[in-house]
Asks: 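My questions all concern the structure below.
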Amino acid sequence: MLFYEPLFLFLFFPVVLGVFLAVRRRAGPRAWVLLAASVIFYLWSQPLFVPVVLATCGTDYALGRVIGRHGARRAPALALGIVINLSMLLVYKYANFTVDNLDVLLAWAGAAPLHLARIALPIGVSFIVFEKITYLVDISRRLAKPAPDFATYLLYVFLFPKLLAGPIIKYHELEAQLLAHGNSRADDLTAGFARFMMGVVKKTIIADTLAGGADMTFNANPALLGFADAWWGVLFFSLQIYIDFSAYTDMAIGLARMFGFRLNENFNSPYISRSMTEFWRRWHISFTTWVREYLYIPLGGNRVPTWRAYGNLWLCFLLSGLWHGAAWHFVAWGAYNGVFLVLERIFLLRWLNNLPRLAAIAVTFFITLVGWTLFRANTMGQAAAIYRAMARPELASHALTVFRTTPMLAAAGAAVLISFLPAVPGFDRLAARTLAAPGGRLALNGVLAGAFALALANALAEPFQPFLYFRF
């Protein structure tokens with residue numbers, strides 16, 4: 001169920017919000033309404049996976065209470081909980097990938113291949129598993145107490161605004177809100193709906209239009225691509241993935257706020273970064289902080305010898321690439337980012353810091369752009385072919401006219417403004433003054449409402465395109 005499809009907008013969401021607001025203004029009744037709605041929301045898309053999640057949630061809850069006692073069984077209970085959750089991820093996301101690669105080795109050795117039925121990847125499994133692990137680790141680190149009851153823990157896992165594609169919320173960040181839920185105010189409803197409208201506009205009008213430009217490159221025969229075709233396609237995808245994923249975040253944060261929850265921001269104008277280190281502090285913030293706090297620091301963080309810290313940093317991003325998808329081009333994308341982060345620690349960051357601000361932004365965006373080619377490609381072979389086209393200016397373009405269509409160029413222009421305007425000196429002050437001016441926020445919301453109506457009409461007229469991060 002997509003946030004901007006008619007079933008959600010005109011039936012599920014208004015019914016749930018109406019019942020939520022109608023029940024007594026106390027945490028208990030409203031929490032039950034939201035929990036029931038969240039489970040139904042996920043059942044609609046993943047009916048076969050819900051029992052698995054429920055069963056492992058029961059295990060988490062029981063183990064959490066053992067860990068919370070801080071006795072001798074705390075460490076074994078934590079290890080068991082992490083293994084159970086990672087096993088769920090390994091089975092659903094990586095079993096087929098593992099068997100396919102083993103079959104290649106077996107064929108090379110002349111042995112018979114293995115046979116494994118294709119396992120469908122449940123939407124949001126990676127986000128769910130990471131959040132379930134944080135619950136156990138947070139209790140072990142005494143950052144949070146075990147959930148007071150099973151329903152509270154289930155609401156943390158299944159809360160539908162962030163269920164499918166984040167932001168990844170750590171349990172200790174949401175604990176107080178789960179326990180004191182039911183305080184949704186009028187300003188939460190208006191501010192939340194405005195943020196939700198913004199997400200729908202960005203997704204349906206901008207990101208989905210950009211997708212057509214990117215697909216024309218990445219769905220074409222790589223041997224027929226010219227220099228400009230390759231660069232246009234990568235540029236369109238770079239803009240698309242940011243607008244698409246940040247649009248989901250806008251919708252998630254907006255919906256959660258209408259129900260009284262404040263979710264953390266997940267993006268902070270990442271394309272105005274002056275280094276890859278800064279980029280990864282601004283991009284998918286909930287994921288990068290998760291990797292830092294639950295993987296990099298346990299590996300030793302910066303407390304180990306320098307060479308080992310570099311290795312741990314690179315390993316974290318290698319695994320981050322694998323987390324994004326069970327394919328070698330995702331692994332290569334993670335390794336690529338890890339290399340630049342290590343190089344920045346060695347010397348590159350000092351060089352970038354000495355450049356003029358706009359030059360550093362341009363260099364960082366170029367590095368990011370080249371990396372997105374690996375992320376979007378279907379195979380390593382396709383990525384290599386596109387890189388060859390990107391490196392050969394003499395190659396004539398065959399599909400360039402596609403990128404000159406008015407809607408695509410208009411969407412690209414809007415995406416560029418959204419991505420890079422925050423880098424313009426004085427932009428933040430101008431935005432703050434506009435919102436603070438009499439009628440400023442009302443006027444902006446009026447424009448947003450008009451664009452929202454246009455976005456809904458566009459969504460009804462065009463086939464629904466799922467969010468890019470649903471595949472992860």
Side-chain angles (χ1 to χ4, degrees), residues 4 194-215 217 228 231-251 253-254 265-274 278-279 281-285 356-369 372 376 402-437 440-459 465 467-468:
Y4 52 90
R195 186 71 181 266
F196 176 76
M197 288 194 297
M198 182 190 302
V200 173
V201 170
K202 287 167 62 177
K203 167 62 177 171
T204 61
I205 295 181
I206 303 177
D208 289 352
T209 305
L210 291 170
D215 291 345
T217 290
W231 279 105
W232 271 108
V234 174
L235 175 61
F236 269 71
F237 177 73
S238 300
L239 296 172
Q240 177 204 356
I241 191 171
Y242 171 48
I243 300 299
D244 188 281
F245 195 16
S246 65
Y248 181 92
T249 299
D250 290 334
M251 294 185 215
I253 291 175
E265 294 292 340
N266 211 21
F267 293 91
N268 181 20
S269 302
Y271 286 155
I272 66 170
S273 301
R274 298 177 59 183
E278 183 182 353
F279 175 83
R281 290 175 184 153
R282 292 173 174 268
W283 175 275
H284 203 349
I285 299 168
R357 185 184 182 209
L358 293 181
I361 291 173
V363 171
T364 303
F365 183 66
F366 176 81
I367 295 171
T368 307
L369 197 75
W372 284 135
R376 176 60 179 82
V402 173
F403 303 117
R404 291 176 177 158
T405 61
T406 301
M408 288 184 183
L409 291 178
V416 167
L417 290 176
I418 293 171
S419 300
F420 294 102
L421 262 184
V424 176
F427 173 78
D428 291 339
R429 290 194 302 272
L430 178 61
R433 288 175 183 173
T434 302
L435 292 175
R441 187 177 295 274
L442 182 62
L444 287 175
N445 284 341
V447 172
L448 188 58
F452 179 65
L454 180 62
L456 291 184
N458 187 66
Q465 297 191 41
F467 293 96
L468 287 174

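Numbers here simply count residues along the sequence, with the first being 1.
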Asks: Show the nearest heavy-atom pair for residues K202 and A247, with the distance to one decimal.
Replies: CB-CB, 3.8 Å
Asks: Run the ring pair (Phe, Tyr, Trp, His ring centres under 6.0 Å) test against F365 and tell me which residues pass, sequence neighbours left out.
Replies: Y271, F420
Asks: Determine, stepwise, if the pair E278 / R357 fulfils salt bridge (Lys or Arg N to Asp or Glu O under 4.0 Å).
Replies: CA-CA 13 Å; E278 183 182 353; R357 185 184 182 209; over 6 Å; no
Asks: Going by heavy atoms in the side chains, are R376 and D215 under 4.5 Å from each other?
Replies: yes
Asks: Which distance, rounded to the nearest 0.5 Å, do you find between the CD1 of I205 and the CZ of F452?
Replies: 10.5 Å
Asks: Are F236 and T217 close enough that some pair of their side-chain heavy atoms sits under 4.5 Å apart?
Replies: no
Asks: Can you give me the closest heavy-atom contact between M198 and L448, atom names plus distance?
Replies: CA-CD1, 3.8 Å
Asks: Within the structure provided, determine whether I361 and T364 are in side-chain contact (heavy-atom separation under 4.5 Å).
Replies: no
Asks: Which value, rounded to the nearest 0.5 Å, describes the distance between F196 atom CZ and Y4 atom OH?
Replies: 10.5 Å
Asks: Can you pull out every side chain to side chain donor-acceptor pair (under 3.5 Å) where at least one residue sits in residues 233-245? Sequence neighbours excluded, please.
Replies: K203-D244
Asks: Distance from I243 atom CD1 to L210 atom CG, nearest 0.5 Å?
Replies: 7.0 Å
Asks: Taking all non-hydrogen atoms of both residues into account, name the closest pair between I272 and S419 and its distance.
Replies: CG2-O, 3.3 Å
Asks: Could you give the distance from OG1 (T209) to CG (L239), rounded to the nearest 0.5 Å?
Replies: 12.5 Å
Asks: To the nearest 0.5 Å, how far apart are CG in L421 and CD1 in I418?
Replies: 9.0 Å
Asks: Report the residues that fulfil side chain to side chain contact (heavy atoms under 4.5 Å, CB included) with N266, sequence neighbours left out, ordered by chain and then residue number.
Replies: P167, F245, T249, H284, I285, S286
Asks: Drop me the distance from L417's CG to I206's CD1, to the nearest 0.5 angstrom.
Replies: 9.0 Å
Asks: Has R282 got more than 12 heavy atoms of other residues, nucleotides or ligands less than 6.0 Å from its CZ?
Replies: yes
